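I have placed the structure first, in the form of structure tokens, so that the comments after it can refer back to it.
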Amino acid sequence: MDVTIFIVAGTALVAFVVGYSIRKYLVEAKIASVEKEAKRILEEAEKKAEAQKREAVLEAKEEVLKFRSEVEKESRERRSELQRLERRLLQKEESLDRKVDLNEKKEETLNRKEAEIEATKAKLSEVYNQQISELERISGMGSEEAKQMLLSDIEKESQHEAALLIKDIENKAREEGEKRARNIISLAIQRCAADHVAETTVAVMPLPSDEMKGRIIGREGRNIRAFETLTGIDLIIDDTPEAVILSGFDPIRRETARIALEKLIVDGRIHPARIEEMVDKAQKEVTTQIREAGEQATFETGVHGLHPELITLLGRLKFRTSYGQNVLKHSIEVAHLAGLMAAEIGTDVQIAKRAGLLHDIGKSVDHEVEGPHVAIGVDLAKKYRESQEVIHAIASHHGDEEPKSIIAVLVQAADAVSAARPGARRETLEAYIKRLARLEEIANSFEGVEKSFAIQAGREVRIMVKPEKVDDLGAVYLLKDITKKIERELDYPGQIKVVIIRETRVVEYAK
């Protein structure tokens, strides 16, 4: 048992020793192999490092050579650029030297010429003074006196040329303006035809029989007194068979009286109470007619958006006349003419029609309100918030203000065209004679006028001037002055043609 243990222990010891020896041998062999491999690696690394070192040195040498060549190339370029700049500077310097020399020569020449000019000026001044002295001695006038005479001659000649130029320009402008205006107005008139009937201040009322006259008069004239008191119209009963005359200057009251009398005649019952009732009905009927007439006028002209009070005032113009012309018909015609002319020249047609329709609106109340109808119309237009263009057209349609817009000029022209139509207006014989006399009086008030004649019913005035006092150019200025004074001091429908006649006659007798 012990021997076995001993043998096992010895065997284990031997095995351990052998294993240890073998392991040691393997480790040493492996170490030797690793050392050999490490040595080989180190050798290879040294070789690689040496090779890289040589390559790096070669690359550095190449970079140095390349840099050196670039530096040398740049240096050569800079040297050549400097040489080129140096040559240019030398050339410029030579050019400047030449220019300086040339300028010096020119300066010398200029100085010499200036000296010659100064000498020539001195000589000319001396000769001029000698000539002036000689001219003064010969003419017997001083230089200032001669200068004034020369200036006076130049002024007269300039005025003569200016007058000729003004006359030529005015003729051309007048011809062109008249041509265009005539074309526009003729087109407007062709497209607007209106009837004209002279209005009167009386109305004739037919009666069924002469017996009705007594019933109208009533017992002790009470019926006629009541009728005249309620209507404000004179009832004239004369020998005219089966007719009575209503006389009054207010057309609205006259129409009211006519309707009331017509109703009384139809009814047959005529007494103060019945007269009062019929007059009241007639007033309401006339009020309705006025409103309908205003509405019809706005509808006929295409003017919308008017204030109701303005429409009523327009309707009242139906019973208002001016020189025998119905003002409502005149206003409608002016609206149409202004609208047609506005369409021809390309401006606002609606504003033109509105201004034309309202231009005489002041005449509807001019017998109730103090002042001219133009001012009253402006106040009414402002009161009912009409536009500024319409207000200005109303204010300027008779020349009270200077027209400042195309609409105002068109309304002024349309008003003149409507009023100047043949048969549109009439005036009393007394006013007509006074106007003709005043026309000749204005023409004769100017110096140089020998005599004047108003012809063609006052539409033309011919003026004979004294030829020794008024020359051809003076006649042009005189014509303007006379025309302006006529426009300023005389009221007339349409326009007046002013003609100046200058005649020179030389008479001699052969004996």
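Because only heavy atoms are used, hydrogens play no part in the values below, and waters and symmetry mates are left out as well, while side chains stay in. Keep in mind it's a predicted model, so treat the numbers as computed, not measured.
- For Glu74, the salt bridge (charged side-chain N to carboxylate O under 4.0 Å, His left out) criterion is met by Arg78, not counting sequence neighbours.
- Pairs passing the salt bridge (Lys or Arg N to Asp or Glu O under 4.0 Å) check and including a residue from residues 378-390, sequence neighbours excluded, read Arg354-Glu386.
- The number of heavy-atom neighbours closer than 6.0 Å to CD1 of Ile406, taken from other residues, nucleotides and ligands shown, is 12 or below.
- Sorted by first and then second residue, the salt bridge (Lys or Arg N to Asp or Glu O under 4.0 Å) pairs involving residues 119-131 (not counting sequence neighbours) form an empty list.
- The shortest side-chain heavy-atom distance between Glu402 and Ser396 does not fall under the 4.5 Å cut-off.
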Output, in order, the C-alpha distance, side-chain angles, deciding distance and verdict of side-chain contact (heavy atoms from CB on, under 4.5 Å) for Glu344 and Leu340.
CA-CA 6 Å; Glu344 288 295 329; Leu340 291 169; 5.7 Å; no
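- Side-chain contact between Leu313 and Leu380 is present, with heavy atoms from C-beta onward closer than 4.5 Å.
- In this structure the side chain of Val449 reaches within 4.5 angstrom of the side chain of Leu478, judged on heavy atoms.
- Here the CD1-OG distance, from Ile501 to Ser452, works out to 11.0 Å after rounding to the nearest 0.5 Å.
- The structure places CD of Gln91 at 11.5 Å from CD of Glu86, a figure rounded to the nearest 0.5 Å.
- Thr347 places no side-chain N or O within 3.5 Å of a backbone atom of Ala343 that could act as its donor or acceptor partner.
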Show your reasoning for whether side-chain contact (heavy atoms from CB on, under 4.5 Å) applies to Asp415 and His398.
CA-CA 9 Å; Asp415 181 50; His398 277 318; 3.5 Å; yes
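- Looking at heavy atoms from C-beta onward, Phe453 lies out of side-chain contact with Glu460 at the 4.5 angstrom threshold.
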side-chain contact (heavy atoms from CB on, under 4.5 Å), that's the test. Do Glu93 and Leu89 meet it? Break it down for me.
CA-CA 6 Å; Glu93 187 175 355; Leu89 287 172; 5.9 Å; no
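- Separation of the His392 and His397 ring centroids does not fall under the 6.0 Å cut-off.
- With contacts defined as side-chain heavy-atom distances shorter than 4.5 Å, the pair Glu114/Asn111 qualifies.
- Counting only heavy atoms from C-beta outward, the side chains of Arg316 and Leu328 never approach each other to under 4.5 Å.
- Side chain of His336 to backbone of Glu333: no donor-acceptor contact under 3.5 angstrom is found.
- The number of heavy-atom neighbours closer than 6.0 Å to CD of Glu447, taken from other residues, nucleotides and ligands shown, is 12 or below.
- Taking all atoms of both residues into account, the shortest heavy-atom contact from Lys353 to Gly339 is CG-CA, 3.9 Å.
- For the pair Lys363 and Asp360, the salt-bridge criterion is met [side-chain N within less than 4.0 Å of a carboxylate O].
- A pairwise comparison of heavy atoms in Ala338 and Ala414 identifies N-CB, 3.8 Å as the closest pair.
- The CE atom of Met464 sits 10.0 Å away from the CZ atom of Arg462 when rounded to the nearest 0.5 Å.
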Enumerate donor-acceptor pairs with a distance under 3.5 Å from any side-chain N or O in residues 291-307 to protein atoms, sequence neighbours excluded.
unit_1 : atom_1 : unit_2 : atom_2 : d
Thr298 : OG1    : Glu295 : O      : 2.7
Thr301 : OG1    : Ala297 : O      : 2.8
Thr301 : OG1    : Thr298 : O      : 3.4
His307 : ND1    : Glu309 : N      : 3.1

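- A donor-acceptor pair under 3.5 Å is formed between the side chain of Ser75 and the backbone N or O of Val71.
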Kindly list each side-chain donor-acceptor pair under 3.5 angstrom involving residues 59-69, sequence neighbours excluded, with atom names and distances?
unit_1 : atom_1 : unit_2 : atom_2 : d
Ser69  : OG     : Leu65  : O      : 3.3
Ser69  : OG     : Lys66  : O      : 2.6

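- Salt bridge Glu441/Arg438: present, at least one basic N to carboxylate O contact under 4.0 Å.
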Could you check His359 against His330 for ring pair (Phe, Tyr, Trp, His ring centres under 6.0 Å), going step by step and ending with a plain yes or no?
CA-CA 10 Å; His359 80 285; His330 166 68; 5.1 Å; yes
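- Side-chain atoms of Glu440 come within 3.5 Å of backbone atoms of Ala454 as a donor-acceptor pair (strictly under, hydrogens ignored).
- Take Arg88 and apply the side chain to side chain donor-acceptor pair (under 3.5 Å) test, not counting sequence neighbours, and it matches no residue.
- Side-chain contact between Leu410 and Ile345 is present, with at least one heavy-atom pair separated by less than 4.5 Å.
- Checked options Ile361, Leu317, Leu358; the residue passing with Ser331 is Leu317 (criterion: side-chain contact (heavy atoms from CB on, under 4.5 Å)).
- Under the 4.5 Å side-chain criterion, counting only non-hydrogen atoms from C-beta, Ile463 is in contact with Val498.
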